[in-house]
Number of protein chains: 2
Amino acid sequence: MFLAKVFVSLKPTVNDPQGLTIRGGLHSLGFSGVKQVRAGKYIEVTLDGEDLEAAQEQVSEMCRQLLANPVIEQFRFEVEEAPTPQSSAD
Amino acid sequence: MFLAKVFVSLKPTVNDPQGLTIRGGLHSLGFSGVKQVRAGKYIEVTLDGEDLEAAQEQVSEMCRQLLANPVIEQFRFEVEEAPTPQSSAD
């Protein structure tokens, strides 16, 4: 079992109204040192796979096909081995 | 200048319809090994600060006040020193 952490963010040249809104909110709250905010997505995918390399390839393909929009977004990810759940743990 | 990478995700006990939808989409695309998907937010904040510790405290406070909803979300973040931009670089 593997756990993939996927980070999807807008390409630097793409306008980010959500980030601008968050920055405005932070300024209103008194965080005047904030220069820039970029908003993106963080997706955790738990998947079965033969080995780490196969899992990484799968995740890369998922990003390309569904998780990120290659026209305006960029992505990066980390895959780590996750313990197979034996019983439900909180 | 500091760069904070903030990861906001739903608490494990909270229902995640967005994650379920993504999992359904991945299954439809043939990624049958996907067991679970959790969707969250990834926010990059560029901020001024006296030192790393002060910046970390600021970011922690931002998360508590605006970036995360403490009732249903959890957050973690990393702060690293970022080079002050001398000129606009692509």
Side-chain angles (χ1 to χ4, degrees), chain A residues 1-13 16 18-19 21-50 54-55 57-67 73-77 82 84-85 88-90, chain B residues 1-13 16 18-19 21-50 54-55 57-67 73-77 82 84-85 88-90:
Chain A
M1 198 76 102
F2 297 93
L3 174 65
K5 297 174 180 179
V6 180
F7 313 94
V8 181
S9 53
L10 289 167
K11 289 183 181 172
T13 50
D16 180 6
Q18 192 186 356
T21 305
I22 295 172
R23 190 182 66 176
L26 290 171
H27 283 175
S28 301
L29 286 169
F31 297 105
S32 52
V34 174
K35 297 297 171 208
Q36 197 190 26
V37 177
R38 301 288 289 178
K41 287 175 284 183
Y42 170 60
I43 304 165
E44 283 186 353
V45 181
T46 312
L47 71 160
D48 270 344
E50 278 178 31
E57 256 174 54
Q58 286 254 313
V59 174
S60 174
E61 206 47 51
M62 287 177 205
C63 290
R64 258 184 278 274
Q65 288 189 31
L66 185 78
L67 302 181
E73 290 173 331
Q74 59 196 7
F75 64 86
R76 63 188 178 81
F77 60 84
T84 307
S88 67
D90 286 14
Chain B
M1 198 77 100
F2 296 93
L3 174 66
K5 297 175 180 179
V6 180
F7 314 94
V8 180
S9 53
L10 289 166
K11 289 182 181 174
T13 49
D16 179 6
Q18 194 187 354
T21 304
I22 295 172
R23 190 182 65 176
L26 290 172
H27 283 175
S28 301
L29 287 170
F31 298 103
S32 51
V34 173
K35 297 298 171 206
Q36 198 191 25
V37 177
R38 303 287 289 176
K41 286 174 284 183
Y42 170 58
I43 304 164
E44 283 186 353
V45 181
T46 311
L47 71 160
D48 269 342
E50 280 177 31
E57 255 174 55
Q58 285 253 315
V59 175
S60 173
E61 205 48 50
M62 286 176 205
C63 290
R64 256 184 280 273
Q65 288 187 33
L66 185 77
L67 302 181
E73 290 174 330
Q74 59 196 6
F75 64 87
R76 65 188 176 81
F77 60 85
T84 307
S88 67
D90 283 15

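Being a predicted model, the structure only gives us computed values, none of them experimental. Throughout, a chain's letter reflects where its sequence line sits, starting with A, and its residues are numbered from 1.
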Next on the checklist: Any heavy-atom pair between the side chains of A/Q65 and B/F31 that's under 4.5 Å?
Outcome noted: yes
Checklist entry - When rounded to the nearest 0.5 angstrom, what is the spacing between OH in B/Y42 and NZ in A/K5? => result 13.0 Å
Checklist outcome for this item: Greatest number of non-hydrogen atom pairs under 4.5 angstrom with chain A, of B/V8, B/V45, B/V6, falls to B/V45
Checklist entry - Based on non-hydrogen pairs under 4.5 Å, which of A/T46, A/V37, A/L47 is most in contact with chain B? => result A/T46
Checklist outcome for this item: Given the options A/I22, A/V34, A/L29, B/M62 meets side chain to side chain contact (heavy atoms under 4.5 Å, CB included) only with A/V34
Checklist outcome for this item: So, the part of A/L3 with a heavy atom under 4.5 Å from chain B: the answer is neither
